[in-house]
Amino acid sequence: IRVKDIESNAPVVNAAVLLTPPSGPPVSGATDAQGTFKAEGLPPGSVAIAIESPDYFSGAQALDVKARQDNATEIALLKRPKSSLVSGSR
């Protein structure tokens with residue numbers, strides 16, 4: 001799994017990754033300096049992927065894992081605004 005910034009394509013480093021396979025326990029970890037997370041031994045089937053990083057909105061998608069294949073995918077995250085976009089007056 002490669003996690004990248006949707007606008008710059010830069011890797012999202014140290015993003016929390018949670019993989020929930022169709023059977024067996026969930027697998028979790030963090031992306032490396034290249035924005036990559038690798039998991040081995042997942043059972044075939046639809047795996048739910050959830051990604052979280054403090055500077056980005058959360059991301060999620062499903063991946064159809066095939067047996068004995070490299071099941072690569074990319075997830076692009078949108079950066080959170082640095083300040084609130086909401087304004088108002090009384």
Side-chain angles (χ1 to χ4, degrees):
I1 299 167
R2 180 173 181 264
V3 183
K4 65 180 185 174
D5 183 295
I6 199 167
E7 293 175 348
S8 69
N9 285 329
V12 177
V13 179
N14 208 28
V17 179
L18 176 64
L19 306 178
T20 306
S23 61
V27 176
S28 62
T31 57
D32 61 16
Q34 288 76 42
T36 303
F37 176 78
K38 294 182 181 182
E40 295 184 12
L42 291 172
S46 182
V47 173
I49 304 170
I51 310 287
E52 291 189 8
S53 180
D55 295 333
Y56 291 85
F57 290 106
S58 299
Q61 74 179 50
L63 175 64
D64 187 25
V65 173
K66 307 269 194 269
R68 297 181 296 276
Q69 289 185 18
D70 184 10
N71 295 277
T73 191
E74 283 191 348
I75 298 176
L77 299 182
L78 180 62
K79 193 165 253 197
R80 292 182 187 273
K82 295 199 182 293
S83 61
S84 175
L85 299 177
V86 177
S87 63
S89 60
R90 290 182 151 210

Any pair counted as salt bridge (charged side-chain N to carboxylate O under 4.0 Å, His left out), so long as it reaches residues 56-68, sequence neighbours left out:
D64-K66
Measure the shortest side-chain to side-chain distance between V3 and L77 over non-hydrogen atoms and say whether it is less than 4.5 angstrom.
yes
Assigning hydrophobic clusters by single linkage (Ile, Leu, Val, Met, Phe, Trp, Tyr; side-chain heavy-atom cutoff under 4.5 Å), is V65 placed with I1?
yes
Side chains of residues 13-29: which donor-acceptor pairs under 3.5 Å do they make with residues two or more places apart or in other chains?
none

Sorted by chain and number, sequence neighbours left out, salt bridge (Lys or Arg N to Asp or Glu O under 4.0 Å) with E74 holds for R2, K4
Which pairs would a plain distance check flag for residues 37-61, meaning a side-chain donor or acceptor within less than 3.5 Å of a matching protein atom at least two apart in sequence or in another chain?
| unit_1 | atom_1 | unit_2 | atom_2 | d |
| --- | --- | --- | --- | --- |
| Y56 | OH | D5 | OD2 | 2.9 |
| Q61 | NE2 | T73 | OG1 | 3.0 |

